[in-house]
Amino acid sequence: MTIKLLSEDVASRIAAGEVVERPASVVKELVENSLDAGATRVDVETRQGGTTLIRVRDNGSGILSQEVELAFKRHATSKLEHATDLEHIATLGFRGEALSSVASVSRTTCITRHASEATGSQLRLEGGTVIHRSATGRPPGTELIIEDLFYNVPARRKFLKAERTERRHIDAFMTRYAIAYPATAFSVIHDGRQMANTPGSDNVREVLLSVYGPDLGGSLLEIPADLTADLEIQVSGFVGPTTVHRANRGYMTLFINGRWIEDLRLSYAIIQAYHTLLPVKRYPIAFVVVKMPPEDVDVNVHPTKAEVRFRDGDSVFRAIQRTVRATVVTHAPATATWSLDQVGSATETGDAQTQASATNSPAQQNRARLAALRPSQPHIQFPPAQSGPTNVGAPAAGSTTAQAGTTASAGVLVPGTIPVQPAHARSRQQLPPLRIVGQVATMFIVAEGPEGLYLIDQHAAHERVLYEQMLSNATTGQVPSQPLLEPQVVSLPADEADRLEEALPALYKLGLETEVFGTNTFLVRAVPAQLRHIAPADLLADVAAAAGESSPIRAELEEIVIRHICKRAAIKAGQVLSTEEMNRLIHDLEATENPRTCPHGRPTVVQISTETLARQFGRGGAA
Ligand code: ADP
Ligand code: MG
């Protein structure tokens, strides 16, 4: 083939591939244009996840009648004149690619009126070609209607996900921009249903309440402006308190000079700021807005402008890390001790207690706890090693209390009573019979078994138990569900609500009886009996997060939901357990199919052989 210049049509379709990946990218480009045009009101409407219709209407400056066609030409922009302008860009757009790209892969209608003109214009394009033009009346501003996206790019159409997924992307984007631009009123309607509507009162808290609901929106902490008031890099925004966290990183949002960006390293600055303050594998909710000199950040590195390059990335990292940390720590002095005892209970029991415990060192606390424990700890007679296996899970054990000796004797099984399988025939996954010795660091259960010493992680073990119980309940359809005395109303952010709605049938199967109660609001009527101690709002947030991780296959969704819920429901590290509770837990763990790992794959049991112990004590043999 000879070398030819591509036709404008082919070139713009190639460019469109970079800019327009999915309906949400169209919404992004159009909304950014509206904001660049100074709009104080932006209304977004979609049908079928944006595949058949995306409408974005604003009250911004509008486009001059003589420039409407030009706006749809590639590299046509009003935001940039000279190459040097690229060094200090203050608008969201500047590449002049969006309208031409979007128009080239859809049927587009643009209705616009510039504030200085008496009539407006209407332009209709198909696949980028103008097919109709007329004069029209409308208030100043612009409306873009994008129909049949990718109708002429079947390959791209094939890659579109389920409508819900596409809607979710749009909602996630709109939520972020509504928070970043509080002075602009945004509304979102999907298939005729109003999903979001922010007041545009220039009050971020009001937006947060409106998009996240009163619980979450009210709990977020504002980064104090004075932390960076006089500095070149100014950080503001809202971050979650340490009691609010999520299972994935998707709840951290970064805006740099009014632009939403994705930057792994800066997300890590936020995660770092919560170091030791959150449970492992949990991530903060954060909305961080950075203002800095435009010349110190290069926004022209990515077609969708989602990535930027900094002249001095380290100082941006530090500014974010410091301000977020300062905000979180000031509001939550108590959680300084979190790393040792990931105290579910401490965060729930209120400030007085957590503050008191913050003044003690973790070691001191442990000592105090141990002292408190000692009197109630039964004195257990070690049975001679050869007297046969012990089984702490024997039914009688559950009813024993702290009387000396009872637990042990009740727990000992006569060898002959071990059902069917002899010990050596048990699969490796299974647990040997164990006899509880006590609890260490309010985290681990110490037990004796045939192979020596066993340490059981109480949280991981309980997670495993709950997980298998709930999974089997869901499979057999026998769910012990507990009706709430008063049904609870829970509101969620639009994208979470959408995901939750998708999961509702699965939730019924799990005993979490929840129904839609209004826009982004749900009514919880009953919860699984095992989870009655958890706030319904927390449960639903977990489920929504879980649903976000699943593929739409129902069975898998249930499994993921259960895994998420168990994490929150399980006994925490830091919780003192009675011997009876430990016995029951080990008993339940023995009954599971995979007692050796928690549902997330971490070990539940660590074993130290008698030989190893003997060696540590300098004894030659095991004896
Ligand atoms: P860019 O935003 O990079 O300039 P676009 O292709 O998105 O490129 O838009 C081209 C031009 O059309 C913009 O520079 C602007 O002048 C005009 N324009 C697009 N959308 C709007 C709008 N909603 N209101 C006013 N002007 C608009
Ligand atoms: Mg643009």
Side-chain angles (χ1 to χ4, degrees), residues 8 11-21 24-45 54-83 85-86 88-106 108-117 119-125 128 130 133 136 138-146 149 173-174 177 181 184-187 257-261 294 298-306 308:
E8 178 62 23
S12 62
R13 271 209 232 173
I14 292 176
E18 291 176 358
V19 180
V20 189
E21 192 195 345
S25 20
V26 175
V27 172
K28 172 178 187 290
E29 293 297 336
L30 299 186
V31 169
E32 287 188 348
N33 279 346
S34 296
L35 292 169
D36 279 346
T40 57
R41 157 132 234 123
V42 180
D43 300 305
V44 176
E45 188 190 341
I54 295 170
R55 184 204 307 271
V56 175
R57 190 179 16 203
D58 69 47
N59 63 355
S61 64
I63 305 175
L64 284 168
S65 168
Q66 67 197 52
E67 292 188 347
V68 182
E69 275 92 347
L70 189 58
F72 284 89
K73 290 257 187 295
R74 208 144 60 92
H75 307 310
T77 178
S78 56
K79 303 168 190 174
L80 196 69
E81 220 168 319
H82 308 289
D85 294 345
L86 272 174
H88 43 83
I89 283 172
T91 49
L92 294 167
F94 55 86
R95 298 170 65 105
E97 283 185 322
L99 288 190
S100 71
S101 297
V102 171
S104 73
V105 293
S106 68
T108 295
T109 308
C110 173
I111 309 166
T112 184
R113 187 187 133 200
H114 194 265
S116 68
E117 296 181 320
T119 48
S121 14
Q122 172 161 350
L123 198 68
R124 173 130 176 119
L125 303 92
V130 178
R133 160 163 204 146
T136 179
R138 62 152 287 146
T142 304
E143 174 172 351
L144 274 149
I145 304 159
I146 315 300
L149 185 64
F173 167 81
M174 290 303 295
Y177 267 72
Y181 290 84
T184 301
F186 291 92
S187 75
N257 291 348
R259 186 186 304 281
W260 171 32
I261 63 146
D298 183 1
V299 293
N300 188 26
V301 291
H302 195 266
T304 65
K305 299 158 284 178
V308 296

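In this text, all values refer to a predicted model and were calculated from it rather than measured experimentally. Whatever order the structure lists ligands and atoms in, that order sets their numbers, starting from 1. Positions are given from 1, in the same order as the sequence printed here.
- Of the N or O atoms in Ser61, none lie within a sub-3.5 Å distance of an N or O in ligand 1.
- The proximity of Thr142 to ligand 1, defined as any non-hydrogen pair under 4.0 Å, is limited to the side chain.
- Considering backbone and side-chain atoms together, Gly96 places an N or O closer than 3.5 Å to an N or O of ligand 1.
- Counting heavy-atom neighbours within 6.0 Å of Lys73 NZ, excluding the residue itself, gives a total of 12 or less.
- Between the Mg ion (ligand 2) and Thr77 there is no N/O/S contact shorter than 2.8 Å.
- Nearest heavy-atom pair, Ser116 versus His114, reported as atom, atom and distance to 0.1 Å: OG-ND1, 2.8 Å.
- Close contacts between ligand 1 and Gly93 involve ligand atoms 2 (O), 3 (O) [criterion: under 4.0 Å to a heavy atom].
- Within the 4.0 Å heavy-atom cutoff, Gly60 does not count among the residues contacting ligand 1.
- Here the options are Thr108, Val27, Val105, the test is side-chain contact (heavy atoms from CB on, under 4.5 Å), and the partner is Ile146; only Thr108 passes.
- Taking each heavy atom of Pro139 and Arg113 in turn, the nearest pair found is CA-NH1, 3.9 Å.
- Proximity of a side-chain donor or acceptor of Asp36 to a complementary backbone N or O of Thr91 within less than 3.5 Å is not detected.
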(message) Would Arg41 and Ser187 count as a side-chain contact (heavy atoms from CB on, under 4.5 Å) here? Give the steps.
(response) CA-CA 8 Å; Arg41 157 132 234 123; Ser187 75; 3.8 Å; yes
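- Looking at every heavy atom in both residues, Ser34 comes nearest to Asp58 through OG-OD2, 2.7 Å.
- Leu92 and Gly258 get closest at one heavy-atom pair: CD2-O, 3.2 Å.
- Of the protein's non-hydrogen atoms, the one nearest atom 2 (O) of ligand 1 is Lys79 NZ, 2.7 Å.
- An N or O contact shorter than 3.5 Å is missing between Asp36 and ligand 1 by distance.
- For the pair Leu30 and ligand 1, the shortest N or O to N or O distance does not fall below 3.5 Å.
- Proximity to Ala71 (heavy-atom distance under 4.0 Å) selects the following atoms of ligand 1: 10 (C), 12 (O).
- Residue contacts with ligand 1, taken as heavy atom pairs separated by less than 4.0 Å, do not involve Ser101 at all.
- Checked options Ile111, Leu99, Thr112; the residue passing with Val68 is Thr112 (criterion: side-chain contact (heavy atoms from CB on, under 4.5 Å)).
- When all heavy atoms of Asn257 and Pro294 are compared, the closest pair comes out as ND2-CA, 3.8 Å.
- Shown in contact with Leu99 at under 4.0 Å from a heavy atom are these atoms of ligand 1, numbered in order with element: 5 (P), 6 (O), 7 (O), 9 (O), 12 (O), 19 (C).
- For Glu29, the closest heavy-atom approach to ligand 1 does not fall below 4.0 Å.
- Atom 21 (C) of ligand 1 has as its closest protein heavy atom Asn33 CB, 3.9 Å.
- Proximity of a side-chain donor or acceptor of Glu117 to a complementary backbone N or O of Ser65 within less than 3.5 Å is detected.
- Ligand 1 places these atoms under 4.0 Å from at least one heavy atom of Phe94: 1 (P), 3 (O).
- Looking only at distances, a side-chain donor or acceptor of Thr184 sits under 3.5 Å from a matching main-chain atom of Ala39.
- With a heavy-atom cut-off of 4.0 Å, Asp58 touches ligand 1 through its side chain alone.
- Of the options Leu35, Thr91, Ile63, the smallest heavy-atom separation from atom 26 (N) of ligand 1 is shown by Ile63.
- Less than 4.0 angstrom separates some heavy atom of Thr77 from each of these atoms of ligand 1: 1 (P), 4 (O), 14 (O).
- Within the 4.0 Å heavy-atom criterion, the part of Ala37 lying near ligand 1 is the side chain and not the backbone.
- For ligand 1, one of its N or O atoms has an N or O atom of Ala98 under 3.5 Å away.
- Pairing each heavy atom of Lys28 with each of Phe173, the nearest pair is CA-CZ, 3.3 Å.
- Between Pro140, Ala103, Ser78, it is Ser78 that holds the heavy atom closest to atom 16 (O) of ligand 1.
- Ranking protein heavy atoms by distance to atom 10 (C) of ligand 1, first place goes to Ala76 O, 3.4 Å.
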(request) Apply the test side-chain contact (heavy atoms from CB on, under 4.5 Å) to residues Val42 and Tyr177: give CA-CA distance (whole Å), side-chain angles for both, the deciding distance (0.1 Å), then the verdict. (result) CA-CA 11 Å; Val42 180; Tyr177 267 72; over 6 Å; no
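- Contact atoms of ligand 1 toward Glu97: 6 (O), 8 (O) (distance under 4.0 Å to a heavy atom of the residue).
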